[in-house]
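Computation of the quantities below employed the complete heavy-atom set of this structure, encompassing side-chain atoms and omitting hydrogens, waters and symmetry-equivalent molecules.
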Amino acid sequence: MTDLGKNRTIIAYAAATAVCLIFIIFSKAEFSLDVKKLYSVTVYPFQYGTQKVFRTIADWYASISELTRLREELRQTREKLAVYENAAVEFEEIKNENKRLSELLQMQKQIEYRTVAATIVSKDPQNFYSTIIVNRGYQDGVEIGMPVIAYRDAAKGVVGKVIEVSRRYARILPITDQNCKIGAMLETTRATGILAGEQPRSLLCNLAFVDRVVPVATNESVVTSGMGGIFPKGLVIGTVSAVDRKLYGLFQSITVRPLLDFATLEDIYIILKKADTDISSILDEE
């Protein structure tokens with residue numbers, strides 16, 4: 001026998017011996033081929049992994065859908081909140097307006113003159129409020145020359161006088177204008193003079209023709225004198241802010257700060273009192 005034949009015999013013998021040993025071992029271990037075990041070992045891991053991947057994808061998709069839904073609900077909630085906030089602001093504005101109108105009505109009852117309440121609809125701050133338009137006209141009984149007042153801290157302050165009237169609107173010349181002249185007097189000494197706007201670009205007034213020997217104190221009240229045929233007597237104009245006793249002449253120059261703040265003025269009262277045009281024309285000529 002050649003070497004090749006011997007090797008083949010040895011290999012075959014070894015293989016037969018190995019097979020016998022395997023069967024002997026498996027038979028001793030009571031081994032039996034179980035299809036379920038084989039499935040669990042070979043197929044189940046892949047199936048479990050695939051299911052887990054698909055479950056993860058499904059959960060991710062569900063999370064995206066839930067996030068989209070929550071975003072939409074958040075958007076709708078914000079829109080509703082904006083509507084509620086606007087409604088709250090409007091309600092507060094209406095409440096304040098009702099309160100303001102109620103206060104105006106109560107104040108109007110306290111005025112001993114027949115008046116009509118009006119609201120300022122236009123004013124020109126660049127022209128130092130020389131143009132004041134209110135929403136009352138001749139259909140409400142308003143006429144040229146009628147005095148205009150407003151309230152501040154329960155005091156009736158002078159605004160000016162009506163100089164132009166249309167059907168539904170009227171124009172008011174404020175006391176800070178140089179062309180608005182009012183008969184005025186010092187509340188303490190009762191010394192009288194004529195009050196007008198101090199200068200074109202000023203919110204102060206000047207009380208002229210007060211005798212230079214009359215004592216005048218700073219912060220002293222200045223009221224209407226009732227002279228001039230327009231304003232009733234005793235309406236507050238403002239307070240003295242400065243006094244200039246000139247070295248020469250008969251009169252002193254008194255600067256008056258108006259009681260009313262024209263920058264924040266909203267509501268006024270027009271006194272339905274016809275002006276005495278004869279007296280007022282003479283006063284304007286002075």
Side-chain angles (χ1 to χ4, degrees), residues 123-132 144-153 155-164 171-265 268 271 273 275-286:
K123 55 184 175 181
D124 186 4
Q126 294 183 351
N127 197 27
F128 284 80
Y129 308 105
S130 288
T131 299
I132 298 177
I144 292 176
M146 287 184 170
V148 182
I149 62 173
Y151 266 88
R152 180 179 180 183
D153 300 330
K156 293 186 288 288
V158 178
V159 176
K161 61 182 178 181
V162 177
I163 59 171
E164 187 179 338
R171 183 184 175 194
I172 298 169
L173 185 68
I175 59 175
T176 54
D177 193 289
Q178 287 181 307
N179 295 316
C180 185
K181 297 179 181 179
I182 300 173
M185 65 180 177
L186 297 166
E187 189 175 43
T188 303
T189 61
R190 316 305 284 180
T192 61
I194 296 177
L195 181 132
E198 186 178 47
Q199 48 185 297
R201 294 191 174 275
S202 173
L203 291 177
L204 300 175
C205 300
N206 181 264
L207 180 59
F209 305 110
V210 176
D211 196 303
R212 67 187 309 274
V213 299
V214 174
V216 182
T218 305
N219 295 324
E220 182 176 356
S221 293
V222 178
V223 299
T224 55
S225 64
M227 301 179 185
I230 295 180
F231 290 89
K233 186 177 182 179
L235 298 175
V236 179
I237 296 174
T239 56
V240 175
S241 61
V243 180
D244 181 14
R245 288 185 175 86
K246 299 178 181 180
L247 295 177
Y248 304 99
L250 300 175
F251 307 108
Q252 55 188 314
S253 179
I254 303 171
T255 303
V256 179
R257 184 178 302 279
L259 171 71
L260 301 174
D261 182 1
F262 288 89
T264 60
L265 195 62
I268 56 90
I271 299 177
K273 170 185 175 297
D276 189 329
T277 55
D278 291 338
I279 298 177
S280 60
S281 62
I282 293 175
L283 183 65
D284 288 337
E285 291 174 359
E286 294 182 359

**Q** What pairs with T189 under side-chain hydrogen bond (donor to acceptor under 3.5 Å, both in side chains), at least two apart in sequence or on another chain?
**A** none
**Q** Can you list the steps and then say if R257 with L204 is a side-chain contact (heavy atoms from CB on, under 4.5 Å)?
**A** CA-CA 5 Å; R257 184 178 302 279; L204 300 175; 3.8 Å; yes
**Q** Considering non-hydrogen atoms only, spot the tightest contact between G193 and V210 and give its length.
**A** CA-CG2, 4.3 Å
**Q** Where do F262 and T176 come nearest, in terms of heavy atoms and distance?
**A** CE1-CG2, 3.9 Å
**Q** In Å and rounded to the nearest 0.5 Å, what is the OG1 to CD distance from T239 to E187?
**A** 11.0 Å
**Q** To the nearest 0.5 Å, what is the distance between CD1 (I175) and CZ (F231)?
**A** 8.0 Å
**Q** Kindly indicate, with the supporting measurements, whether the criterion side-chain contact (heavy atoms from CB on, under 4.5 Å) is fulfilled by L186 and V240.
**A** CA-CA 9 Å; L186 297 166; V240 175; 4.0 Å; yes
**Q** Quick one: side chain to side chain contact (heavy atoms under 4.5 Å, CB included) partners of N219, sequence neighbours excluded?
**A** none
**Q** Kindly give the heavy-atom pair with the smallest separation between I132 and P174, and that separation in Å.
**A** CD1-CB, 4.1 Å
**Q** Can you name the closest pair of heavy atoms from K181 and A196 and give their distance?
**A** CG-CB, 4.0 Å
**Q** Can you tell me how far the CD1 atom of I237 sits from the CG atom of L207, to the nearest 0.5 Å?
**A** 7.5 Å
**Q** Could you give the distance from CD1 (I254) to CD (E220), rounded to the nearest 0.5 Å?
**A** 8.0 Å
**Q** Given 3.5 Å as the limit, does a donor-acceptor pair link the side chain of T224 with the main chain of G234, or not?
**A** yes
**Q** Hey, what do you get for CG (L173) to CD1 (I163), rounding to the nearest 0.5 Å?
**A** 4.5 Å
**Q** Test: side chain to side chain donor-acceptor pair (under 3.5 Å). Region: residues 203-218. Which pairs qualify, not counting sequence neighbours?
**A** N206-S253
**Q** Could you report the tightest heavy-atom contact between K233 and R190, atom names first, then the distance?
**A** CE-NH2, 4.0 Å
**Q** Do you know which two heavy atoms are closest between V243 and Q252, and how far apart they sit?
**A** CG1-OE1, 3.2 Å
**Q** Using side chain to side chain contact (heavy atoms under 4.5 Å, CB included) as the criterion, list what pairs up with L259, not counting sequence neighbours.
**A** R152, A155, V236
**Q** Mind checking side chain to side chain contact (heavy atoms under 4.5 Å, CB included) for S225 and listing every partner two or more places apart, or none if nothing turns up?
**A** M185, T192, M227
**Q** How long is the straight-line distance from NZ of K161 back to CD1 of I144, given to the nearest 0.5 Å?
**A** 11.0 Å
**Q** The criterion is side chain to side chain contact (heavy atoms under 4.5 Å, CB included); which residues satisfy it with E164, sequence neighbours excluded?
**A** R171
